[in-house]
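One structure below.
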Amino acid sequence: MATPLICPSILASDFARLGEEVRALEAAGADWVHVDVMDGHFVPNITLGPDIVKAIRPHTSLPFDVHLMVAPVDPWLKAYRDAGADILTVHPESGPHLHRTLGAIRELGAKAGVVFNPGTPLSSLEDVVDLVDLVLIMSVNPGFGGQKFIPSALDKIARARAILDRAGSSAHLQVDGGVTVDNAAACVAAGADALVAGTAVFRGGPDAYGANIAGLKRPA
């Protein structure tokens, strides 16, 4: 089984010490830092603005994987790119022209991703597959950390993998929501090659991050 990229979500970190947290993640073997941006409108929570992303950017060389749960999303793309985002991932529902939004992300020099919520069909993926560097399958409804994994996401991961493979796409296939050592292997077997994890990484404090990440990289 291939070793997945581990992308800890700092939504589960200690917000009072974000710089220290991202440094600890890099030392512990994380591959990307997943940044959940919520606007209190598209999802029922408010989290990290571009100034916070900019503030923590100097603390790690890891790629910043910024998941924009924001609507409308287009006005925020440049701000988060300028703040240090390497990947900008958007929802089909967050603007009227997904194709144009993904193109705009690439024009900013970032990698472009598209996110599918549990109730969002994959039908639009085939029409933009040539513009995506990342496909994110949500295995919870977005808006809060600490939710339980929705098992039907495994079938959706498999269907997304089939679409990417048919298109000859090299895009990463990521899963986010309730990912633990208990379901990580099933996600990878279904076709995911990148795992977002919050609680599963941050539990136990910084001394445990390395073991937690290693467990996710080599799921039983």
Side-chain angles (χ1 to χ4, degrees), residues 7 9 11 32 34-48 50 53 64-81 85-145 147 149-179 187 190-196:
C7 318
S9 168
L11 185 64
W32 299 349
H34 188 81
V35 182
D36 286 304
V37 176
M38 305 180 187
D39 66 355
H41 170 69
F42 185 69
V43 292
N45 206 346
I46 298 174
T47 57
L48 304 165
V53 175
F64 274 15
D65 164 28
V66 177
H67 174 191
L68 293 171
M69 289 166 272
V70 175
V73 73
D74 287 356
W76 291 101
L77 300 176
K78 187 176 187 301
Y80 280 96
R81 173 59 176 160
D86 298 284
I87 307 164
L88 289 167
T89 309
V90 300
H91 291 252
E93 301 93 340
S94 63
H97 305 294
L98 177 61
H99 189 279
R100 184 168 65 194
T101 298
L102 294 170
I105 292 170
R106 287 188 157 195
E107 287 175 6
L108 289 169
K111 292 185 177 179
V114 63
V115 193
F116 294 92
N117 288 337
T120 304
L122 290 171
S123 52
S124 61
L125 178 56
E126 298 197 43
D127 292 319
V128 297
V129 70
D130 59 323
L131 288 175
V132 297
D133 303 289
L134 174 69
V135 175
L136 171 54
I137 302 300
M138 293 300 298
S139 43
V140 299
N141 286 291
F144 299 96
Q147 299 184 67
F149 185 88
I150 298 173
S152 60
L154 293 173
D155 175 67
K156 199 166 195 174
I157 294 167
R159 288 185 283 120
R161 170 52 63 196
I163 292 170
L164 292 175
D165 288 350
R166 282 198 302 271
S169 173
S170 60
H172 287 290
L173 180 54
Q174 187 180 61
V175 58
D176 179 8
V179 174
C187 292
D193 60 16
L195 306 177
V196 176

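Every heavy atom of this structure was used, including side-chain atoms; hydrogens, water molecules and symmetry mates were not. Everything numeric here is computed off the predicted structure, so don't read it as measured data.
- Between the CG atom in L102 and the CG atom in L134 there is a gap of 10.5 Å [rounded to 0.5 Å].
- The local environment of CH2 in W76 is sparse, with at most 12 non-hydrogen atoms from other residues, nucleotides or ligands closer than 6.0 Å.
- Between the CD atom in E107 and the NZ atom in K78 there is a gap of 13.0 Å [rounded to 0.5 Å].
- For the pair P50 and Y80, the tightest heavy-atom approach, listed with the atom from each and the gap, is CD-OH, 3.3 Å.
- With rounding to the nearest 0.5 angstrom, the CE atom of M38 is 4.5 Å from the CG atom of L11.
- Atom CG of D133 and atom OG of S170 lie 7.0 Å apart (nearest 0.5 Å).
- Rounding to the nearest 0.5 Å places NE2 of H34 at 5.0 Å from CG of D65.
- Taking each heavy atom of A192 and V175 in turn, the nearest pair found is CB-CG1, 4.2 Å.
- When every heavy atom of L68 is checked against every heavy atom of L88, the shortest pair comes out as CD1-CD2, 3.9 Å.
- With S139 contributing its side chain and G177 its backbone, the two residues share a donor-acceptor pair below 3.5 Å.
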Please determine whether side-chain contact (heavy atoms from CB on, under 4.5 Å) holds for the pair F64 and D86, giving the CA-CA distance in whole Å, both sets of side-chain angles, and the decisive distance to 0.1 Å.
CA-CA 5 Å; F64 274 15; D86 298 284; 3.9 Å; yes
Listing, residues 110-132 side-chain donor-acceptor contacts under 3.5 Å, not counting sequence neighbours, or none:
unit_1: N117; atom_1: OD1; unit_2: H91; atom_2: ND1; d: 3.4
unit_1: T120; atom_1: OG1; unit_2: E93; atom_2: OE2; d: 2.4

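- A donor and an acceptor atom, one from each side chain of D36 and S9, are located under 3.5 Å apart.
- The side-chain heavy atoms of D74 and L77, taken from C-beta on, include a pair separated by under 4.5 Å.
- Residues R161 and D193 form a side-chain contact, since some pair of their non-hydrogen atoms from C-beta on lies under 4.5 Å apart.
- At a threshold of 4.5 Å between non-hydrogen side-chain atoms, the residues H67 and Q174 do not count as touching.
- Atom CD1 of I105 sits about 7.0 Å away from atom OG1 of T89, to the nearest 0.5 Å.
- In this structure, V35 and L48 approach most closely via the heavy-atom pair CG1-CD1, 3.7 Å.
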Just do the side-chain contact (heavy atoms from CB on, under 4.5 Å) check on V196 and V179 with the steps written out, would you?
CA-CA 7 Å; V196 176; V179 174; 5.8 Å; no
Output, in order, the C-alpha distance, side-chain angles, deciding distance and verdict of side-chain contact (heavy atoms from CB on, under 4.5 Å) for C187 and L154.
CA-CA 6 Å; C187 292; L154 293 173; 4.1 Å; yes
